[in-house]
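These numbers were taken from a predicted model, which means no experiment stands behind them. The analysis underlying the following values was restricted to heavy atoms, covering all of them including side chains, and did not include hydrogens, waters or symmetry mates.
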Amino acid sequence: GEDVEQSLFLSVREGDSSVINCTYTDSSSTYLYWYKQEPGAGLQLLTYIFSNMDMKQDQRLTVLLNKKDKHLSLRIADTQTGDSAIYFCAERTPSNDYKLSFGAGTTVTVRA
Amino acid sequence: DTGVSQNPRHKITKRGQNVTFRCDPISEHNRLYWYRQTLGQGPEFLTYFQNEAQLEKSRLLSDRFSAERPKGSFSTLEIQRTEQGDSAMYLCASSLDPRDTEAFFGQGTRLTVV
C-alpha cells in the first residue's frame, strides 16, 4: 500500500503552467522528492525539498510544501512537449531508514 | 563515472527459468537499493544494502528472490523459477550515505516472463 498519493492524470496546453499534487502521511518526513520518468526509462530526480522549508524554486520548477496538510505540489512553468512524462512524488524519512516511498505517479500530457 | 548502470536493459524469459540482473552503483556509494515497478504503479521497495550487508527485505521479496552485494560494490538480483507475475521493471538506486539527499537511479531492467 502507498502512504503517498497523487492524482493520476493531468492534461495541459503547451505554454501553460502544470501543477501536480501529492499528499503524504509520515509527519516526520525529512525529504520530499519529485522524480520524472519518460517511457521505458529510469527515474530522473527533478527536485527535492526539506521538510523544514515551505517553498523551493529551481528554474521552471516550483515546489510548495504545506506541512500542516501534508501536501506537496510541483508547478512547472511554461510547460513544453518535452515535459510529457510520469511524475512521481516520494518521501524519505529517518524512521524508515531513508528508504524512498513513492506515489503511483501522475501522467502529464502536454497538448499543442 | 557515468552513474548507476543496470544490465541487461531488457530480458525476456520463459516461465520457470532463472534470471539474474546486475547493478553497478556510482563509485563509493555505500547504499544500494532495489525497487520493482509494475505498469501504472510507482516503484516499490524490495531490498537494500549498506556496503555488503543486506539490511532489509520487503515482504514483496519471496524466497524465489535473492540479492547479493558481495564486495560492497556491484549487486545482483536473482529470480528463480520465474512466474508471469514477476514481469516488471527492476530499478536499482544508490546513494553515498543513508542521509544523503539524492538517490540516483539506473535505467532499469525490464523483465518479461512469457
Side-chain angles (χ1 to χ4, degrees), chain A residues 1-9 20 22-26 28-53 56 58 63 72 74 85-108, chain B residues 2-10 21 23-26 29-50 53-61 88-112:
Chain A
E2 278 153 1
D3 299 322
V4 179
E5 294 189 355
Q6 304 178 233
S7 49
L8 293 182
F9 301 99
I20 308 167
C22 168
T23 57
Y24 59 97
T25 57
D26 191 334
S28 67
S29 289
T30 305
Y31 307 123
L32 293 151
Y33 297 82
W34 286 103
Y35 282 87
K36 176 183 180 183
Q37 186 176 40
E38 299 186 36
L43 299 177
Q44 175 194 353
L45 177 63
L46 286 178
T47 187
Y48 59 89
I49 189 168
F50 295 114
S51 54
N52 61 356
M53 299 168 64
K56 180 179 180 181
D58 184 0
V63 180
L72 182 74
L74 174 69
I86 303 175
Y87 291 80
F88 292 97
C89 171
E91 65 174 353
R92 195 165 174 220
T93 66
S95 61
N96 199 23
D97 201 21
Y98 300 99
K99 299 190 295 289
L100 282 161
S101 296
F102 289 87
T106 300
T107 300
V108 173
Chain B
T2 56
V4 179
S5 176
Q6 292 189 245
N7 288 287
R9 291 290 310 277
H10 304 275
F21 312 140
C23 171
D24 287 273
I26 295 173
H29 275 198
N30 297 320
R31 275 283 173 104
L32 187 147
Y33 305 84
W34 284 100
Y35 287 82
R36 181 172 70 185
Q37 185 181 20
T38 53
L39 201 61
Q41 299 297 318
E44 296 175 294
F45 168 77
L46 291 179
T47 188
Y48 74 120
F49 293 84
Q50 177 73 22
Q54 188 172 18
L55 298 184
E56 184 180 336
K57 293 191 290 186
S58 161
R59 58 181 169 78
L60 294 174
L61 219 62
M89 173 82 91
Y90 290 84
L91 293 162
C92 176
S94 71
S95 66
L96 180 62
D97 178 87
R99 292 164 294 177
D100 200 24
T101 305
E102 298 184 24
F104 296 91
F105 280 82
Q107 291 298 298
T109 295
R110 179 165 295 284
L111 172 66
T112 303

Check your understanding: Does any heavy atom of chain B fall under 4.5 Å from the side chain of A:Q37, the backbone, both, or neither of them?
Key -> side chain
Exercise for review: Could you pull out the closest heavy-atom pair between A:L43 and B:F105, with the gap in Å?
Suggested key: O-CB, 3.7 Å
Exercise for review: Compare every heavy atom of B:Y33 with every heavy atom of A:R92, then report the nearest pair and how far apart it is.
Suggested key: NH2-OH, 3.8 Å
Exercise for review: Please examine the side chains of A:F88 and B:P43, heavy atoms only from C-beta on, and report whether any two atoms are closer than 4.5 Å.
Suggested key: yes
Study note, to complete from the structure: Scored by heavy-atom pairs under 4.5 Å with chain A, the best of B:H10, B:M89, B:Q37 is B:Q37
Check your understanding: Rounded to the nearest 0.5 Å, how far does CZ of A:F102 lie from CD of B:Q41?
Key -> 13.0 Å
Practice item. Could you tell me which of A:C89, A:G105, A:A41 has the largest number of non-hydrogen atom pairs under 4.5 Å with chain B? Key: A:A41
Exercise for review: Just do the side chain to side chain contact (heavy atoms under 4.5 Å, CB included) check on A:K99 and B:S58 with the steps written out, would you?
Suggested key: CA-CA 11 Å; A:K99 299 190 295 289; B:S58 161; over 6 Å; no
Check your understanding: Crowded around B:K57 NZ? As in, over 12 foreign heavy atoms under 6.0 Å?
Key -> no
Study note, to complete from the structure: The interface call for A:I86 against chain B, heavy-atom contacts under 4.5 Å, is neither
Exercise for review: Write down the atom of A:G40, the atom of B:R9, and the distance for their closest heavy-atom approach.
Suggested key: O-NH2, 3.5 Å
Exercise for review: Verify, without hydrogens or angle tests, whether B:Y35 (side chain) and A:L100 (backbone) share a donor-acceptor contact under 3.5 angstrom.
Suggested key: yes
